Amino acid sequence: MSKVEAIQYGDRKVYAVAAFNRGVAEWLQRLPTVWVEGEVTELRRNARWQSVFFTLKDPADGACLGVTIARNRFDALRLDLADGERVHVFGRPELFEARGDFRMRALSIERFGLGDHLAALERLKKKLAAEGVFERKRPLPFLPRRIGLVTGNDAAAKQDVLATITSRFPAARIVVAETLVQGPLAANAMIEALRELAAAPEVDVVVLSRGGGSFEDLLAFSDERLVRAVAACPVPVVSAVGHEQDNPLCDLAADARASTPTAAARLVVPDASEVLGRLERTRAGLARGARRVVERRRERVVQAHDRLRRAPALAVERKRARLEHAAGRLRALSPRATLERGYAIVRTHDEIVRAASAVTSGDEVEVEVADGRFGARVE
Amino acid sequence: MSATEPTFEEAQRELEQIVERLERGEAGLDEAITLWERGEELYELCVGRLDAAQGKIEELARRAEQTRL
């Protein structure tokens with residue numbers, strides 16, 4: 001190991017660039033070898049190069065680390081790595097002295113295994129659940145103006161969803177975004193498709209669809225970035241991924257989950273014939289209701305009119321009865337009634353006789369009874 | 001009696017008030033006749049409104065029938 005020597009300028013110790021780099025590089029070499037996890041990007045392998053280069057990217061926040069590995073060592077691993085694949089890299093940090101570049105010198109690379117995926121998925125699920133990413137469940141629109149459909153370019157799977165939606169609601173308008181739905185690049189492609197569809201005019205709901213597949217095939221649907229994008233999507237998302245037994249994390253983040261294309265169709269569009277039937281029944285009820293209102297009013301008016309017709313005659317009758325009553329009382333008060341009871345009025349010289357002393361024996365008097373008058377002599 | 005044409009409900013209410021007043025026999029004879037005339041007028045108005053409404057309903061119902069899906 002060469003010694004790193006400084007140049008003295010009076011009190012100041014100054015290092016040449018190469019010396020400084022060498023010093024740091026030597027210090028870094030003392031660090032232990034470790035395993036680092038990340039996604040492979042920008043993989044560069046050239047038959048004429050001694051080393052293979054790639055960048056290891058943290059899927060959570062995009063932090064990057066340059067990695068080099070001896071070409072013969074890389075080839076011997078027979079990994080056939082592609083961009084976006086998740087790996088564990090065993091190695092140590094080093095400084096490329098000529099450029100002052102910090103990077104990792106890899107000794108071995110392992111592809112993320114099924115068990116690793118399962119464990120990582122479980123951890124991610126817990127983390128996202130704790131953050132509340134799975135909590136937002138918005139109601140789906142009754143009848144979306146347009147439906148966004150994120151689907152693979154596999155014709156059969158796409159047709160399946162389209163056919164079930166249009167058979168249920170023939171007038172449905174569907175905007176399709178064909179994209180990668182498996183492999184290391186699928187998550188980013190689907191996020192982009194989701195973003196585009198959600199931003200498209202009149203799209204009120206997005207269906208994320210994919211047919212069945214192996215656990216690895218569906219891994220992209222559990223990608224943290226996609227799961228977050230689904231949860232943050234400005235319009236409701238229906239996850240229609242895989243089959244009943246598959247539980248990709250996007251199912252949890254979506255507003256609704258469908259295990260079949262038919263179930264997805266049932267969620268995003270109403271049954272057209274049912275809606276029309278209900279509409280017709282409502283319309284019939286509308287006419288019935290309007291007629292009933294008029295009929296009720298008419299009955300009430302006719303009733304009032306009947307009473308009005310009878311009222312004047314009734315009023316006259318009342319007045320006549322009252323008149324008769326008054327006449328009766330009038331008659332009762334006249335002397336005639338008294339005469340009819342057997343009394344008589346006695347007059348002398350047209351004066352009513354009110355006392356026995358008013359007449360003497362032999363006087364002529366006139367007697368009035370109920371039905372007439374006659375003369376009489378006082379004795 | 002308002003200066004503008006009364007609504008159906010106003011006319012109906014006035015008609016019913018007139019009937020009640022006549023039936024209670026409170027009005028004078030001359031007033032009773034005037035009320036009666038006014039009542040008939042209100043009745044005509046109400047029936048006219050109802051006929052118009054019914055005509056419109058039937059027209060709409062017929063049109064609805066023609067556009068049945």
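Order of the sequence lines fixes the chain letters, A, B, ..., with proteins taken first and strands second; residue numbering starts at 1 for each chain. Keep in mind that what you see is a predicted model, and the values were worked out from it rather than measured.
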Query raised in the report: Does A:R291 pair with B:E58 as a salt bridge, N-O distance under 4.0 Å?
Result: yes

Requested in this report: Check whether more than 12 heavy atoms from other residues, nucleotides or ligands sit under 6.0 Å from atom NZ of B:K56, and answer yes or no.
Outcome: no

Query - Inter-residue atom distance B:E16.CD - A:Q303.CD, 0.5 Å rounding - result: 8.5 Å

Report task. Measure across B:L22 and A:A311 and return the closest heavy-atom pair with its distance rounded to 0.1 Å. Result -> CB-CB, 3.5 Å

Query raised in the report: To the nearest 0.5 Å, what is the distance between CZ (A:R296) and CG (B:L50)?
Result: 13.5 Å

Report summary line: Applying a strict 4.5 Å limit to non-hydrogen atoms, the region of B:E40 in contact with chain A is both

Requested in this report: Would you check if B:D51 and A:R298 make a side-chain contact, meaning some heavy-atom pair closer than 4.5 Å?
Outcome: yes

Query raised in the report: Heavy-atom distance under 4.5 Å to chain A: side chain of B:Q12, backbone, both or neither?
Result: side chain

Query - chain A contact via B:R49 - side chain, backbone, both or neither, heavy atoms under 4.5 Å - result: neither

Report task. For the pair B:E9 and A:R297, find out whether any cationic side-chain nitrogen is under 4.0 Å from an anionic carboxylate oxygen. Result -> yes

Report summary line: Between B:W36 and A:R309, the two heavy atoms sitting closest are NE1-CA, 4.2 Å

Requested in this report: For residues A:A304 and B:V19, report the shortest heavy-atom separation together with the two atoms involved.
Outcome: O-CG2, 3.3 Å

Report task. Select one option (side chain, backbone, both, neither) describing which atoms of A:E295 are under 4.5 Å from chain B's heavy atoms. Result -> side chain

Requested in this report: Provide the closest heavy-atom pair for A:V301 versus B:L15 in the form atom of the first, atom of the second, distance.
Outcome: O-CD2, 4.3 Å

